[in-house]
Amino acid sequence: MSSTLLDPAVAAELPDVLPARKQRGKVAMFAYRHPSIFAGGLLVSLVVASALFAPWLGTADPTALAPAKRLRSPSEIYWFGTDMLGRDIYSRVLYGTRVSLQVGVMVALFASVIGMFIGLTSGFIRVLDTVVMRVMDGLMSIPGILLAIALMALTRGSVGNVIIAITITEIPRVARLVRGVVLSLREQPYVEAAVAAGTRVPKIIWKHILPNTLAPITVQATFICASAMITEATLSFIGAGTPPTIPSWGNIMAEGRALWQVKPFIVLFPAIFLSITVLSINLLGDGLRDALDPRMAKKI
Amino acid sequence: MTATPLLEVRGLKKHFPLHGGLLGRQTGAVYAVDGVSFTVNKGETLSVVGESGCGKSTVGKAILRLYPITAGEVLLDGQRIDNLPASELRPLRRRVQVVFQDPFSSLNPRQRVGDIIAEPLVNFGIAHGSELTDRVAGLMDKVGLPRDAVKRFPHEFSGGQRQRIGIARALAPGADLIICDEAVSALDVSVKAQIVNLLSDLQDDLGLALLFISHDLAIVEHLTHRVAVMYLGKIVEVADRATLFSNPHHPYTRALLSAVPVPDPTAPRNRIILRGDVPSPINPPSGCRFHTRCPFVFDRCRAEEPLLRDVGDGRISACHLDEVPAAA
C-alpha cells in the first residue's frame, strides 16, 4: 500500500523506521489466532491417527497371552512393559484408544442429535415443555455415573451398550442447552419477521432456528465427548463397562490396580493417554467456544 | 375519509399476564396497550409517537399478530383479521409487512441476502426459478442495494444497508402496509435521512401505507401525514401533521413537542418539564393516565377517564380540559 501513496524515489530515501512486518504462513496465523483450537486439534488428530493406524505402529496382538514374559518393565522390546498375563501394554493402550474414541464420538453424536430433537420440541411446543423438562431434571438429578452403572447392570457388557448407557445420561445436558437457545432465538426479530413473511413453523425451525443452534451444540458435543471417555474408563475400571476381553484404558487400569505399588507402569500409561486425550478434546472445545461465541467466552 | 380505510384498529388491548408465586398463578398484568383505536388509509403515513414503554411497538406487533391480542378488533380493508385462524390469516400476511428497529437482529445471520429477500416470495408462491432471481434483483435495485449483495451474508453490510435489506424483504410480497417499528432509530443521522427518503420515495412509487412507530419527532414531522400520540397504552391525541406540530393540543403532546431540540441557540424555548416518571403500566393511574404528571390536573382527571373526542381541525384528543370552556 505504501508504495502507491509515496513516490518510489522518495520512498527509497526514507529510513526504515518500522521493522519489516513478520510474514506468517496460513497455518502459523491460525495457530497464533486460535492457540487452543490449534493445540487441541493437533493432539486430537495424533490420538485419532494412533487409533486408526494401531496395527502398523509396531504393535503386537493386544490380546495375545505370554505368561512367561509377564510383568516386564518398559524396555526396548516392550515399550510400556507387559501386564500380569504377559500382554504388551503398548499394544493394548493403542488399541484401547479405539474403544475410547468410539465411545466418545458416538456418545457425542447420539446425545447431540437426540438432545437437539428434544430441545427443539420442548422449545417450540410449550405444552410438552413442562413435562419433558421435568423428566430431564429427573435424569440430571441422578449422578451420571450411577445412572450408567444402573443401565449397564440391566444389560450385557458390550461397547454398544456402554455407548447407549452414557448417551442416556448425557442427553439432558444437550436438551437443556438447545431449549434455552431456542427460547431466546424465538424472540429474535428475524424470527418475527419470518412469521410476518408467512413462513410456516417447520421452515422457521429448519431455516432460522436450527442453523443458529449448531455452534453451541458443537461446543457442547466436544465436552460430552471428553466426559463420555472418562465415564467409559470409569465403568470399565469398576468392571461395569467394556467386557475385559476388549482392551480399553479402563480395563487396563483395572487389571493393573492390584499391582499399582510394585508395577505402577501398568496403570500409568493408559492413565496418561486418557488424560492427554481428554485434555486435548477440552482444549479444542474451549477454543471452538471462544471462536464461535465470543460473548459466552467472556462470561465463563 | 369516506372510503374503507386500509387498516382499522378498534379498541385494541394487549395485556401481558404476570405470573408469580410457587404455582405460577396470574398475579397481575402489564397493561401495555389498553384500548387503542385508529385508522390508516391507503397510501398514507400514520406515525405513532410516544416515549419508551408507552406501548407503541406492542400495537405494531399486535397488528401483525405476532402474539394474540387481549381484546379489540383489527380490520384490513374492512375485514376482521384478528380472529382468523392461522391458515386463513397466512395469505393476508402478504399485505402487511414489517421493518424492525435493530438492523442487526432482524436479519438471520446465517442466511444469504438473496435468500432473505426471496423468503416471502417463496412462502406465498409468488415466484420460482429465474423469475424469483429477477424479482429479488429488482427489489434490490429498488432499495438501492448493489446486485452482488445477493450471495453475501448480513454481517458484511453496514446498519443502513442492512435496513435496506429489511425493507426489500418487506416490499417483496407486494405489501399495502408496512409497519416501521422504530425503523430508523438505530441508524446514524445521515443514514437515517437516506432511509427516510427511501421510504418516502417507495410510498410515492408504490402507493404504500406506512405505520411509522417512532419516538423521533423530527423524523416524524418530515415524513408523516398524520400523527397519533400515545401515553401509557392509550392514544391521547390524533391530528394531521401540520395541525399537531404547529399547535399541539393535549397537555402531553405539548410537553412532548417542547422536548424536541431546536437547532437555534437564540430561539426562545418554553420547555414544559414534566415532573416524575411514567407510572408503571402494571398499575396504571385511575382516571386520566396522565393526571400524575399533567400541569393542568384537576379533580375530575383523577376520577374519570377522558374519552377521545373531536376538537375541530380534524383533530381528536382525550382531555377533560376540552369540556371546561364549554361548561364555563
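Throughout, protein chains are lettered first and strands after them, A, B, ... in sequence-line order, and every chain is numbered starting at 1.
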Colleague: Counting heavy atoms not belonging to A/Y32, are there more than 12 under 6.0 Å from its OH?
Modeller: no
Colleague: Heavy-atom cut-off 4.5 Å, strictly under: side chain, backbone, both or neither for B/R169 against chain A?
Modeller: side chain
Colleague: Counting heavy atoms not belonging to A/R33, are there more than 12 under 6.0 Å from its CZ?
Modeller: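 Counting neighbours around CZ of A/R33, 12 or fewer heavy atoms of other residues, nucleotides or ligands fall under 6.0 Å, so no.
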Colleague: Output the distance between atom CD (A/E187) and atom OG (B/S105), rounded to the nearest 0.5 Å.
Modeller: 11.5 Å
Colleague: Hey, what do you get for OG1 (A/T199) to CD (B/E119), rounding to the nearest 0.5 Å?
Modeller: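 Going from the OG1 atom of A/T199 to the CD atom of B/E119 covers 3.5 Å.
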Colleague: So A/V195 and B/R93, side-chain contact (heavy atoms from CB on, under 4.5 Å) or not? Walk me through it.
Modeller: CA-CA 9 Å; A/V195 174; B/R93 285 196 183 278; 3.9 Å; yes
Colleague: So what's closer than 4.5 Å to chain B heavy atoms on A/K207: side chain, backbone, both or neither?
Modeller: both
Colleague: Are any non-hydrogen side-chain atoms of A/K203 and B/V122 less than 4.5 angstrom apart?
Modeller: yes
Colleague: Heavy atoms only, distances under 4.5 angstrom: which of B/R110, B/K61, B/R94, B/R90 has the most pairs with chain A? Name it, please.
Modeller: B/R90
Colleague: With a 4.5 Å cut-off on heavy-atom pairs, point out which of B/A86, B/P173, B/P109 contacts chain A the most.
Modeller: B/P109
Colleague: Taking all atoms of both residues into account, what is the closest heavy-atom pair of A/G198 and B/N123, and its distance?
Modeller: C-ND2, 3.6 Å
Colleague: Heavy-atom count around B/R25 CZ within 6.0 Å, excluding the residue itself: above 12?
Modeller: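 It does not: B/R25 CZ has 12 such atoms or fewer within range.
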Colleague: What part of B/L107 is in contact with chain A, defined as an atom under 4.5 angstrom from a non-hydrogen atom: side chain, backbone, both or neither?
Modeller: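 Contact with chain A: backbone only.
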Colleague: Look at atom CE of A/M136 and say whether more than 12 heavy atoms of other residues, nucleotides or ligands are closer to it than 6.0 Å.
Modeller: yes
Colleague: Is B/Y67 atom OH crowded by more than 12 heavy atoms from other residues, nucleotides or ligands, each under 6.0 Å away?
Modeller: yes
Colleague: So, B/N108 side chain and A/Y190 main chain: donor-acceptor pair closer than 3.5 Å or not?
Modeller: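 Such a contact is absent between B/N108 side chain and A/Y190 backbone.
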Colleague: Of the non-hydrogen atoms in A/A193 and B/V98, which two are nearest, and what is the gap between them?
Modeller: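 The pair with the smallest heavy-atom distance is CA-CG1, 4.4 Å.
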